[in-house]
Undergrad: 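I am attaching a structure below and will ask some questions about it afterwards.
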Amino acid sequence: MTITITAFEHSPDRGIGLARDMRIRWALEEVGQSYAVRLVSFEAMKAPAHLALRPFGQIPTYEDGDLALFESGAIVLHIAQHHAGLLPAEPGARARAITWMFAALNTVEPPIVERSMAIVTESDRPWFAARQPILDARVRDRLSQLSARLGTSDWLDGPFSAADLLMVTVLRRVNNPTLLGEYPNIAAYIARGEARPAYQRAFADQLAVFTCIPAC
Ligand code: GTB
């Protein structure tokens, strides 16, 4: 059975891997699971066939035979639960890793996405100059707290896990070397994630969609 995921036909990030299909690609690469990608346009995402898979008209989705999933966190958790290598076997360590997965998506990602969306959609609005420092401060709060917890560790809690995979993809969305540069251990943590061979393969595959290599 072929696993099929969906990704943007034309990613607005121009191939820098910020869209959430990157999480699914990376997770599948980490566990050595092959997959196919169905590229969707913005129009197709809002059409009935895609809405049947994903009620909110977004990417990514995940299909494996009769099983259709949406929400990148749920998809990564599903992959991690069905393959070795992304979650510890010991129950306590596994529960802690899943806790960090939720923390990445529910506590760290929201202020980062809010800041990033405001830059895209509000930067020409009269209120933006006053709003930006507020949004930056909310991101800094989370980065400082995460930085304090991470300390000199390579990963969030023991060996690399699905929690690190999600956290690194969340942090990449800050997409601001100056802001991230204030937290050298977080910048190094992101770089460690990006250096993993599975990440590199996932990144190259999503970039190929943007650059139309090997084919359009
Ligand atoms: N909570 C959902 C999940 O985790 O799966 C959120 C899914 C989501 O936001 N999907 C986005 C989408 O389909 C793509 S990833 N948007 C289209 C729509 O809502 O109509 C978000 C994203 C988009 C673009 C950039 N970028 O250009 O940098 C980064 C991230």
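Counting starts at 1 for both ligands and their atoms, following the listed order.
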Undergrad: Quick check: does Ile59 get an N/O under 3.5 Å from an N/O on ligand 1?
TA: yes
Undergrad: Hey, is Glu114 close enough to Arg131 for a salt bridge, meaning N to O under 4.0 Å?
TA: yes
Undergrad: For this output row, return yes or no: ring centroids of Tyr183 and Tyr189 closer than 6.0 angstrom.
TA: no
Undergrad: Between Arg201 and Glu30, is the closest basic N to carboxylate O distance under 4.0 Å?
TA: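 Arg201 and Glu30: not salt-bridged.
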Undergrad: If the cut-off is 4.0 Å to any non-hydrogen atom of Met45, which atoms of ligand 1 fall inside it?
TA: 13 (O)
Undergrad: Taking Phe203's backbone N and O only, do any of them form a donor-acceptor pair with Gln206's side chain (distance below 3.5 Å, no angle check)?
TA: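 Such a contact is found between Gln206 side chain and Phe203 backbone.
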Undergrad: Among Arg54, Gln58, Met22, Arg14, whose heavy atom sits nearest atom 12 (C) of ligand 1?
TA: Gln58
Undergrad: Less than 4.0 angstrom from a charged side-chain N to a carboxylate O is my criterion; do Arg38 and Glu63 meet it?
TA: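 Between Glu63 and Arg38 there is a salt bridge, with a charged N closer than 4.0 Å to a carboxylate O.
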Undergrad: Are Val40 and Val209 grouped together when hydrophobic residues (ILVMFWY) are joined by side-chain heavy atoms under 4.5 angstrom apart?
TA: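 Different clusters: Val40 never reaches Val209 through Ile, Leu, Val, Met, Phe, Trp or Tyr contacts under 4.5 Å.
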Undergrad: Return the closest protein heavy atom for atom 5 (O) of ligand 1 as residue, atom name and distance.
TA: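 Residue, atom and distance for the closest contact: Ser72 N, 2.9 Å.
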Undergrad: Between the candidates Arg23, His50, Arg20, which shows the shortest non-hydrogen contact distance to atom 8 (C) of ligand 1?
TA: Arg20
Undergrad: Among Glu109, Lys46, Arg172, which one has a heavy atom closest to atom 20 (O) of ligand 1?
TA: Lys46
Undergrad: Under the 6.0 Å and 45° cation-pi test, does Arg25 pair with Tyr35?
TA: no
Undergrad: Which atoms from ligand 1 have a heavy atom of Pro60 less than 4.0 Å away?
TA: 5 (O)
Undergrad: Is Arg196 positioned over the aromatic face of Trp155, cation under 6.0 angstrom from the ring centre and no more than 45 degrees off axis?
TA: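 Geometry flag: set, cation within 6.0 Å and 45°.
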Undergrad: What is the nearest protein non-hydrogen atom to atom 26 (N) of ligand 1, stated with its residue, atom name and distance?
TA: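 The closest one turns out to be Asp13 CB, 3.5 Å.
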Undergrad: To the nearest 0.1 Å, how far is atom 24 (C) of ligand 1 from its closest protein heavy atom, and which atom is that?
TA: Pro12 CG, 3.8 Å
Undergrad: Please state which protein non-hydrogen atom is closest to atom 3 (C) of ligand 1 and give its distance, to 0.1 Å?
TA: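 Here the closest protein heavy atom is Glu71 OE1, 3.3 Å.
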Undergrad: Check whether any N or O atom of Arg173, backbone or side chain, sits under 3.5 Å from an N or O atom of ligand 1, and answer yes or no.
TA: no
Undergrad: What part of Ser116, side chain, backbone, both or neither, has a heavy atom within less than 4.0 angstrom of ligand 1?
TA: neither
Undergrad: Quick one: does Phe8 get a heavy atom under 4.0 Å from ligand 1?
TA: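 Per 4.0 Å heavy-atom rule, Phe8 contacts ligand 1.
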Undergrad: Are Arg20 and Glu109 close enough, and set up right, to give a salt bridge (charged side-chain N to carboxylate O under 4.0 Å, His left out), and what steps lead you there?
TA: CA-CA 12 Å; Arg20 288 178 175 88; Glu109 185 164 54; 3.4 Å; yes
